[in-house]
Number of protein chains: 2
Amino acid sequence: MATKKASQEGKQALVGRLMPAMRRSSAAGVLHGQAIAKKVGVNSSDLECLDLILLNGPSTAGEIARRTGLTSGAVTGLIDRLERLDLVERMADANDRRKVLVRVREDKIGPIGALFSPLEKSIGAILAGYSREELATLLDFFERSGEVLLARVAELNGGK
Amino acid sequence: MATKKASQEGKQALVGRLMPAMRRSSAAGVLHGQAIAKKVGVNSSDLECLDLILLNGPSTAGEIARRTGLTSGAVTGLIDRLERLDLVERMADANDRRKVLVRVREDKIGPIGALFSPLEKSIGAILAGYSREELATLLDFFERSGEVLLARVAELNGGK
DNA sequence: GCCATATCTCTCATTTACTAAGATAAATAG
DNA sequence: CTATTTATCTTAGTAAATGAGAGATATGGC
């Protein structure tokens, strides 16, 4: 229905509708993260940070600080909170004993993953309705938009 | 290139690549918002909230609280901060004098819009390369994913 | 119309989490 | 071995959220 209607519009009109649709969807994504965090009982930046560690593998406090833009003191507190909930654990780095490696306790994060799966299922259902070509278009767009976003973030943060 | 490669893959493989691409792109979107907020001199939830009011038109404090999940006390402080920067103004609601309408001062947010426009331009350039049908696919996806996100957020917050 | 109740925003005390500065400990360079 | 650098943690101060509740206005039953 949306598809049928949209397919009769000109490119310009479609682009005009896409921008706000993206904004809305991304705002809803933020709300989703917040809602999950509330259920889990952590604040949403802690949850994002947990995801980050999961994505990048065991990380030192300094790496986390650099990636998140937090100060070292804030990261100490963040790890303390996640550790108190048994979601991560601190490990000594064998090579450099100043470092503290933070590792996600994958055996303890099952319930968090379960909170994400209804969304993943819904999104999966939407994606299942697309052709291979349509999926390729979506993938292309997300990869390219991710790149320009990161480039712009670097521009905004770096000097200027 | 990404397109060419992707178009030769099976649907399953494409979906498998899409999920992380979406996560990355959305994480980059969060970083972008934070970087802009820092430039503007507000915290990032205040900026998101400003965007929300702009998107939905003049809103009462209660509506903002409901949409953001903040408490009424937090919303008062949030509006105070935005008002102090002259980015919004409080107006009495003529019909219900308990209510306070918050309106974005569109004449004062130009510099903020300017910070977003390089990104919009880059995204626009990406979109310009797609056919009408491809744009329709993207629009369809963003509209539908926005809907399922909001539905899931409601489910997470409402009871259960 | 009047009263009880509900709704809406704001206030205030408390709590949470961040920053900035600096202390501590370990690694590395000279 | 000493000086410097690197990495994390500690602490004091600050910003912003929560939760409880006050004050003002609206609404529905009588």
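Within every chain, numbering begins at 1; the chains are lettered A, B, ... in the order of the sequence lines, protein sequences first and strands thereafter.
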With sequence neighbours left out, what residues match A:D86 under side-chain hydrogen bond (donor to acceptor under 3.5 Å, both in side chains)? A:K108

What pairs of nitrogen or oxygen atoms, one from the protein and one from nucleotides 16-21 of chain D, lie under 3.5 Å apart?
from, atom 1, to, atom 2, distance (Å)
D:dA17, OP2, B:R81, NH2, 3.0
D:dT18, OP2, B:T71, N, 3.2
D:dT18, OP2, B:T71, OG1, 2.8

First locate atom CD1 of B:I109, then atom CG of B:L87, and finally report the distance between them rounded to the nearest 0.5 Å. 8.0 Å

Distance, rounded to the nearest Å, where A:I79 contributes CD1 and C:dA17 contributes C1': 14 Å

Atom-pair distance (CE on A:M91; P on D:dT8), nearest Å: 14 Å

Looking at A:L150 and B:L31, what are the two nearest heavy atoms and their distance? CD2-CD1, 4.4 Å

Which heavy atom in B:C49 sits nearest to a heavy atom in B:L78, and how many Å separate them? SG-CD2, 3.4 Å

Contacts table for residues 112-125 of chain A: side-chain donor-acceptor under 3.5 angstrom, sequence neighbours left out:
from, atom 1, to, atom 2, distance (Å)
A:S117, OG, A:A114, O, 2.9
A:S122, OG, A:P118, O, 3.1

A:D93 CG to D:dC9 P, in whole Å, measures 13 Å

Step by step, would you call B:E63 with B:R66 a salt bridge (charged side-chain N to carboxylate O under 4.0 Å, His left out)? CA-CA 5 Å; B:E63 284 166 355; B:R66 248 168 279 124; 5.6 Å; no

Separation of A:I64 atom CD1 from D:dT6 atom C1', in whole Å? 17 Å

Regarding B:R144 and B:E147, does a basic nitrogen lie under 4.0 Å from an acidic carboxylate oxygen? no

Atom pair distance, as rounded to whole Å: CD in A:E63 and P in D:dT6: 15 Å

Would you say B:T60 reaches C:dT9's phosphate, i.e. side-chain N/O to OP1/OP2 under 4.0 Å? yes

Taking B:S59 for its side chain and B:G57 for its backbone only, find out whether a donor-acceptor pair lies under 3.5 Å. yes

Common cluster, B:L54/B:V102, ILVMFWY with side-chain heavy-atom separation under 4.5 Å: yes

Which residues in residues 28-35 of chain A have at least one heavy atom lying under 4.0 Å from any atom of DNA chain D? none

When all nucleic acid strands are considered with a 4.0 Å heavy-atom cut-off, which category describes A:R66: base, sugar-phosphate, or nothing? nothing

B:Y130 versus A:T137, closest heavy-atom pair with distance: OH-O, 3.9 Å

Between protein and nucleic acid, restricted to nucleotides 25-30 of chain C and to nitrogen or oxygen atoms under 3.5 Å apart, what atom pairs and distances do you find?
from, atom 1, to, atom 2, distance (Å)
C:dA27, OP1, A:R97, N, 2.9

A:L55: hydrophobic cluster co-members (side-chain, 4.5 Å): none

